[in-house]
Amino acid sequence: MQMVQKKRNEAEAKIIDGKTLAGRLRESIAHHVSVLVDDHKIMPGLAVVLVGDDPASQVYVASKKKAAEQAGMRSFVHILPKSTSQDEVLKLVKTLNQQKKVHGILVQLPLPKQIDADTVLKEIDPAKDVDGLTIANMGRLMAGLPGLVPCTPLGCAMMIKEVEKNLTGLHAVVIGRSNLVGKPVAQLLLRENCTVTMCHSRTQNLPHIAREADILVAAVGKSGFVKGDWIKPGAIVVDVGINRGADGKLSGDVDFESASKVAGHITPVPGGAGPMTVACLLGNTLIAACRQNELTVPHLG
Ligand code: GUN
């Protein structure tokens with residue numbers, strides 16, 4: 001706690017190395033997968049559905065497939081053309097719901113405009129919803145019940161806990177209210193006894209509120225949106241943004257250069273929330289496989 005409150009603007013922020021942390025988590029998952037295969041002849045299977053040819057989504061899906069295979073899981077990637085109808089996607093999801101070898105289903109977002117994401121997500125069996133985006137899993141998170149939790153928020157919470165084990169009483173400010181990140185990350189921090197403030201595009205005096213944060217999570221999708229003078233000295237800053245510039249370079253939602261002069265700890269982009277998201281997806285697939293076979297869920301990481 002003291003670490004968060006201490007003034008440390010004379011020093012550069014410590015980097016929270018999401019890549020290394022994700023590597024450790026993936027090793028632990030791979031170990032538990034091998035036990036599941038050896039002892040129970042169950043190989044966790046992850047199905048990823050990609051509709052269309054969005055270049056960023058193609059990169060994400062390829063990295064999820066590779067990571068699943070490296071962890072010893074089965075990976076089923078379904079690539080459908082951009083013109084695919086909603087009914088065809090629903091039909092595929094229904095088929096995947098029935099397949100025994102598929103323990104986790106992820107429909108990569110965004111979907112082409114003729115397809116309503118909520119309708120598709122609603123069709124996924126909550127037990128296989130490794131993205132944690134079905135109403136059932138969102139409700140479970142809100143109610144504090146066990147379920148499947150969205151991967152990026154899980155990864156963010158793990159990175160924060162790597163710095164500070166006890167978050168009780170800390171003020172967390174979340175910028176962004178998406179179902180994918182903002183809302184679930186706020187729930188996870190609430191579960192850790194943080195006082196949580198949710199901010200969004202209509203929030204007034206955002207820099208002032210951000211400066212009150214012991215933990216600041218930025219998930220807005222705007223490159224360099226959060227400036228150094230929005231940050232409380234010593235704060236833990238988690239950058240969820242993955243923005244690609246015209247030069248192809250990735251940048252986060254936080255202006256790293258100015259922020260790292262004020263924050264106590266900060267996640268980099270790339271190398272922060274991105275690799276942790278992939279590792280948590282594997283974790284959720286393993287958890288889903290265990291639960292579907294009524295086996296004890298191992299402690300990961
Ligand atoms: N698109 C960008 N991030 C995600 C994610 O975490 N899950 C899904 N399904 N789509 C995404």
Side-chain angles (χ1 to χ4, degrees), residues 18 22 25 46-68 75-80 82 84 86 89-90 92-93 96-97 102-113 115-126 128-138 141 147-159 174 176-185 187-188 217-223 238-244 250-253 267 269-270 272-285 287-288:
L25 183 56
L46 171 66
V48 180
V49 179
L50 172 61
V51 189
D53 50 12
D54 177 69
S57 293
Q58 285 172 335
V59 172
Y60 297 145
V61 168
S63 94
K64 288 166 186 174
K65 174 182 160 65
K66 192 172 161 198
S75 146
F76 309 92
V77 175
H78 297 265
I79 299 176
L80 306 175
K82 198 173 172 177
T84 305
Q86 180 169 294
V89 179
L90 291 175
L92 173 59
V93 170
L96 297 172
N97 282 342
V102 171
H103 302 94
I105 302 170
L106 180 146
V107 177
Q108 187 68 26
L109 303 173
L111 289 164
K113 57 182 181 317
I115 303 171
D116 178 51
D118 288 337
T119 306
V120 172
L121 293 174
K122 225 190 274 170
E123 203 57 50
I124 298 173
D125 176 353
K128 295 190 176 186
D129 169 31
V130 283
D131 243 346
L133 291 177
T134 54
I135 303 289
N137 280 315
M138 287 205 285
L141 177 60
L148 288 163
V149 177
C151 308
T152 303
L154 258 186
C156 291
M158 289 175 86
M159 288 193 288
V174 178
R177 55 176 158 176
S178 68
N179 287 347
L180 203 56
V181 184
K183 285 178 199 160
V185 90
Q187 287 299 328
L188 288 177
V217 180
V220 276
K222 288 184 186 160
S223 178
V238 176
D239 190 346
V240 181
I242 302 182
N243 310 291
R244 198 172 288 273
L250 292 183
S251 63
D253 290 349
T267 66
V269 178
M276 285 304 289
T277 298
V278 176
C280 289
L281 172 65
L282 303 180
N284 276 351
T285 306
I287 291 169

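Counting convention: from 1, in listed order, for ligands and their atoms alike. These numbers come from a predicted model, not from an experiment.
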Check whether any side-chain heavy atom of Met138 sits under 4.5 Å from a side-chain heavy atom of Gln187, and report yes or no.
no

Got an N/O contact under 3.5 Å between Asp131 and ligand 1?
yes

Does the side chain of Pro270 come within less than 4.5 Å of Ile242's, by heavy atoms?
no

Residue part near ligand 1, for Leu133, under 4.0 Å between non-hydrogen atoms:
neither

Which atoms of ligand 1 are found less than 4.0 Å from any heavy atom of Leu106?
9 (N)

Given Val238, Leu154, Val217, Val240, the one that forms side-chain contact (heavy atoms from CB on, under 4.5 Å) with Val185:
Val217

Donor-acceptor pair, distance only, cut-off 3.5 Å: does the side chain of Asn243 make one with the backbone of Gly252?
yes

Among Leu109, Asp129, Leu180, Val181, which one has a heavy atom closest to atom 4 (C) of ligand 1?
Leu180

Do any nitrogen or oxygen atoms of Val107 lie less than 3.5 angstrom from nitrogen or oxygen atoms of ligand 1?
yes

State whether the side chain of Asp239 and the backbone N or O of Thr267 hold a donor-acceptor pair below 3.5 Å, judged by distance alone.
no

Is the shortest N/O to N/O distance between Gln108 and ligand 1 below 3.5 Å?
yes

